[in-house]
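Below you'll find the structure, written out as structure tokens, and then a few comments.
No experiment lies behind these values; they were computed from the predicted model shown. Excluded from the calculations below are hydrogen atoms, water molecules and symmetry mates; all remaining heavy atoms, backbone and side chain alike, are included.
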Amino acid sequence: MANSASGMTVRDECKLKFLELKAKRNYRFIIFKIEQQDIVVEKLGKPEETYEDFTGSLPADECRYAVFDFDFITDENCQKSKIFFIAWSPETSKVRGKMVYASSKDRFKRELDGIQFELQATDPSEMSFDIVKARAF
């Protein structure tokens, strides 16, 4: 379905893979990119991959959307999981790319039912593991 503001189409694969991450826990993370007028899946992170694997998969100079399934243990010793939506827009990326990703973000995020937290980052320090952990608790 096209986004009237940006003309973007979210491919069905994006929603299906997100549902698999959420319900079946088949993936640790999913990285999405915009190709022409479509939002598509770029990379699927295996369940055993870490947050460092995830951040290392993001390009240094191009925008991306991503979801990350953050597992943790509470102070009460309970296993929990929170799903983060991350809008990656590095300062070194092209202005046009930043504008396209910014204008499509909210609509794309609405397609992914079950997002619990959102982070916007222009630099790796803005989405460090400590920041994610603090938001989850």
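Of the options R25, K80, K82, K133, a salt bridge (charged side-chain N to carboxylate O under 4.0 Å, His left out) to D71 is made by R25 and by none of the others. Here the options are W88, F32, F84, F54, the test is ring-ring contact (aromatic ring centres under 6.0 Å, His included), and the partner is F68; only F54 passes. Here the options are F137, F129, F29, the test is ring-ring contact (aromatic ring centres under 6.0 Å, His included), and the partner is F70; only F129 passes. For the side chain to side chain contact (heavy atoms under 4.5 Å, CB included) with K17, the lone residue among D12, L112, V41, N26 that qualifies is V41.
Between L21 atom CG and D69 atom CG the span is 5.0 Å, to the nearest 0.5 Å. Note that NZ of K43 and OG of S57 are 3.0 Å apart. Values are rounded to the nearest 0.5 Å. Rounded to the nearest 0.5 Å, atoms OG (S89) and CZ (R64) are 11.5 Å apart.
In this structure, F85 has its ring center at least 6.0 angstrom away from the ring center of F117. Aromatic rings of F18 and Y27 (six-membered ring for Trp) have centroids beyond the 6.0 Å cut-off, not under it.
L119 and F72 fall within a single hydrophobic cluster, where Ile, Leu, Val, Met, Phe, Trp and Tyr are joined by side-chain heavy atoms under 4.5 Å apart, directly or via other members. The cluster map of Ile, Leu, Val, Met, Phe, Trp and Tyr, joined by side-chain heavy atoms under 4.5 Å apart, puts V10 and V100 in the same cluster.
The environment of CD in Q36 is sparse: at most 12 heavy-atom neighbours from other residues, nucleotides or ligands sit within 6.0 Å. Within a 6.0 Å radius of CG in D61, more than 12 heavy atoms belonging to other residues, nucleotides or ligands are found.
Counting heavy atoms from C-beta on, the side chains of F108 and C14 come closer than 4.5 Å. Residues T122 and P90 fail the side-chain proximity criterion, which asks for heavy atoms closer than 4.5 Å. Proximity of K24 to L19: side-chain heavy atoms (C-beta onward) are nowhere separated by under 4.5 Å. With contacts defined as side-chain heavy-atom distances shorter than 4.5 Å, the pair I39/Y65 qualifies.
Between R28 and E48, none of the side-chain N atoms (NZ, or NE/NH1/NH2) sits under 4.0 Å from a carboxylate O, so this pair counts as no salt bridge. With respect to the salt-bridge test (charged N to carboxylate O, under 4.0 angstrom), the residues E118 and K105 qualify. Between K33 and E35, at least one side-chain N (NZ, or NE/NH1/NH2) sits under 4.0 Å from a carboxylate O, which counts as a salt bridge.
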Test log, rule salt bridge (Lys or Arg N to Asp or Glu O under 4.0 Å), inputs K22 and E20: CA-CA 5 Å; K22 184 173 86 168; E20 289 178 24; over 6 Å; no
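Counting only N and O atoms by type, the side chains of S125 and D123 include a donor and acceptor under 3.5 Å apart.
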